[in-house]
Amino acid sequence: MAASSASKRLFKEYRGLSSDPPEGITAGPVTEDDMFVWEALIQGPEGTPFEGGIFPAELKFPKDYPLAPPTMRFTCEIWHPNVYPNGVVCISILHPPGDDPHHYEQASERWSPIQSVEKILISVMSMLAEPNDESPANVDAARMWRERRKDYERIVRDNVRKGLGL
Amino acid sequence: MSEQTLNIPQILVFLVITFLLIRWLFSKPSGSSTRLPAGQSRGFRVNPAHVDQLSQMFPQLSRRDIMWDLQRNGGNVATTTERVLSGRALEVPPPSFQPPNLRPSNPTSRTATPPLRPAHTDLITRYNLASKINTPFEASSSEPNVPKKAWSQDKDERQKLLQRRREEMILAARRKLEEKDRVKSTETS
């Protein structure tokens, strides 16, 4: 029962994202036979070292979506303070309200059923532009972003080119 | 003078006791984590080296299951080994269990120097776009243009439209980057 209402909701979000896609975002289920696994492409925000890049990510939804948030994992090289080295994205909107291991996030920033895939992807896009230094998922990237911004930007630009096969 | 010499051993004893107390406090959560439900054992972090070790010993086990078992027994490799060898299957972790350092098991990772990140293929290879890269922009835009806003009542058509939108997005980004390179190289030459 929960699963069918979850896939109904996901289908509705898929339709919304297809008929009125936000700038720089393409997202949808890998196959409609399984609405719980999506692939998203996110464009690197302009005016940042991510500019010009396309970053693929996989979203996995729980069977009780939208009560619980999906998990999101980049499936490309990505060097960013808030992305674990294995690609898993760590931002507040992906954390359920009752589960705040770091005790610094506002409840309103975290996941709730009124959020959506679109909001997640837009948040991730702005996370690319403005890393959150408070809870680094990739400590090395965070330190480099703080102390050696030039090197950080060079790695990011290299990854942009690598991702597009250049 | 004599008071001072008396105080030094006392200070030392105090320091040792404080140190032991702090150690005891910090090791407590992992020691008793066997009885804690899933949500509460979060503080303990499984050592990835232990997971590597176990998954090499038992390649049939999933890393997630190994992590869950280690998490529950406080990171004791011997206990987990014992459990597997005695024929008892590892418990299936609850879906809420999301180890942050879970990475796909990769048997060849031992030979590579940094086994941390899996190698990713670029988008052109992944989507088989090599043949479409060199089509000039005009040619592809004269095709029936992919509308940016696309939704169809038919399931297969929807899938195709989504696929097209993905490809277009990647190819457009690639063309833009190539164009930028060209401008740069003409500027420098």
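Labels below follow one simple rule: chain letters A, B, ... track the order of the sequence lines, proteins then strands, and each chain is numbered from 1.
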Participant: Would you give the length of the straight line joining atom CD of B:Gln163 to atom CD of A:Glu39, rounded to the nearest 0.5 angstrom?
Facilitator: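 Here the rounded value is 8.5 Å.
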Participant: With a 6.0 Å cut-off (strictly less than), is the heavy-atom count around CD of B:Glu82, excluding the residue itself, greater than 12?
Facilitator: no
Participant: Could you walk me through whether A:Ile54 and B:Met169 satisfy the side chain to side chain contact (heavy atoms under 4.5 Å, CB included) test, starting with their C-alpha distance in whole Å, then the side-chain angles of each, then the deciding distance to 0.1 Å, before giving a yes or no?
Facilitator: CA-CA 8 Å; A:Ile54 302 288; B:Met169 192 171 168; 3.8 Å; yes
Participant: What is the minimum heavy-atom distance between A:Gly52 and B:Ala173, and which atoms define it?
Facilitator: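 Heavy-atom minimum between the residues: O-CB, 3.7 Å.
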Participant: Tell me, for A:Ala137 versus chain B, whether the close heavy atoms (under 4.5 Å) come from the side chain, the backbone, both or neither.
Facilitator: neither
Participant: Indicate, with yes or no, if B:Met57 and B:Trp68 share a hydrophobic cluster defined by side-chain heavy-atom contacts under 4.5 Å among Ile, Leu, Val, Met, Phe, Trp and Tyr.
Facilitator: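 Same cluster.
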Participant: Report the distance from atom CZ of A:Arg157 to atom CG of B:Leu177, rounding to the nearest 0.5 Å.
Facilitator: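 Separation between the atoms: 11.5 Å.
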Participant: Of the backbone (N, CA, C, O) and the side chain (C-beta and beyond), which part of B:Arg158 lies under 4.5 Å from a heavy atom of chain A, both, or neither?
Facilitator: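 Answer is both: backbone and side chain atoms of B:Arg158 are under 4.5 Å from chain A.
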Participant: For the hydrophobic clusters of this structure (ILVMFWY residues joined by side-chain heavy atoms under 4.5 Å, transitively), does one cluster hold both A:Phe11 and A:Ile25?
Facilitator: yes
Participant: Could you report the tightest heavy-atom contact between A:Pro21 and B:Arg165, atom names first, then the distance?
Facilitator: CB-NH2, 3.7 Å
Participant: For B:Gln159 and A:Val30, indicate whether the former's side chain and the latter's backbone hold a donor-acceptor pair under 3.5 Å.
Facilitator: yes
Participant: Give a yes or no on whether B:Leu61 and B:Leu85 share a hydrophobic cluster (residues Ile, Leu, Val, Met, Phe, Trp, Tyr; joining criterion: side-chain heavy atoms under 4.5 Å apart).
Facilitator: yes
Participant: Kindly check if the number of other-residue, nucleotide or ligand heavy atoms within 6.0 Å of CD (A:Glu130) is above 12?
Facilitator: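 Open: at most 12 neighbouring heavy atoms sit under 6.0 Å from CD of A:Glu130.
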Participant: Once rounded to the nearest 0.5 Å, what's the spacing between atom CG of A:Leu166 and atom CD of B:Glu178?
Facilitator: 5.5 Å
Participant: If you draw a 6.0 Å radius around CZ in A:Arg143, do more than 12 non-hydrogen atoms from other residues or ligands fall strictly inside?
Facilitator: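 No, the 6.0 Å shell around CZ holds no more than 12 heavy atoms from other groups.
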Participant: Report yes if some heavy atom in the side chain of A:Pro56 is under 4.5 Å from a heavy atom in the side chain of B:Arg166; otherwise report no.
Facilitator: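 No; the side chains remain at least 4.5 Å from each other.
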Participant: Quick one: pull up CG in B:Leu161 and OG in A:Ser18 and give me the separation to the nearest 0.5 Å.
Facilitator: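 Answer for the CG-OG pair, B:Leu161 versus A:Ser18, is 8.5 Å.
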Participant: Should we count NZ of B:Lys160 as having more than 12 external heavy atoms under 6.0 Å?
Facilitator: no
Participant: Any idea which of B:Leu171, B:Asp181, B:Leu129 has the most non-hydrogen atom pairs under 4.5 angstrom with chain A?
Facilitator: B:Asp181
Participant: Evaluate the criterion side chain to side chain contact (heavy atoms under 4.5 Å, CB included) for residue pair A:Thr26 and B:Glu167; output intermediate values, then yes/no.
Facilitator: CA-CA 10 Å; A:Thr26 301; B:Glu167 290 179 4; over 6 Å; no
Participant: Is any NZ, NE, NH1 or NH2 atom of the basic residue among B:Asp122 and A:Arg161 found under 4.0 Å from an Asp or Glu carboxylate oxygen of the other?
Facilitator: no
Participant: Based on non-hydrogen pairs under 4.5 Å, which of A:Thr31, A:Leu41, A:Leu17 is most in contact with chain B?
Facilitator: A:Leu41
Participant: Atom OG1 of B:Thr121 and atom NZ of A:Lys162: how far apart are they, to the nearest 0.5 Å?
Facilitator: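 NZ of A:Lys162 is found 12.5 Å from OG1 of B:Thr121.
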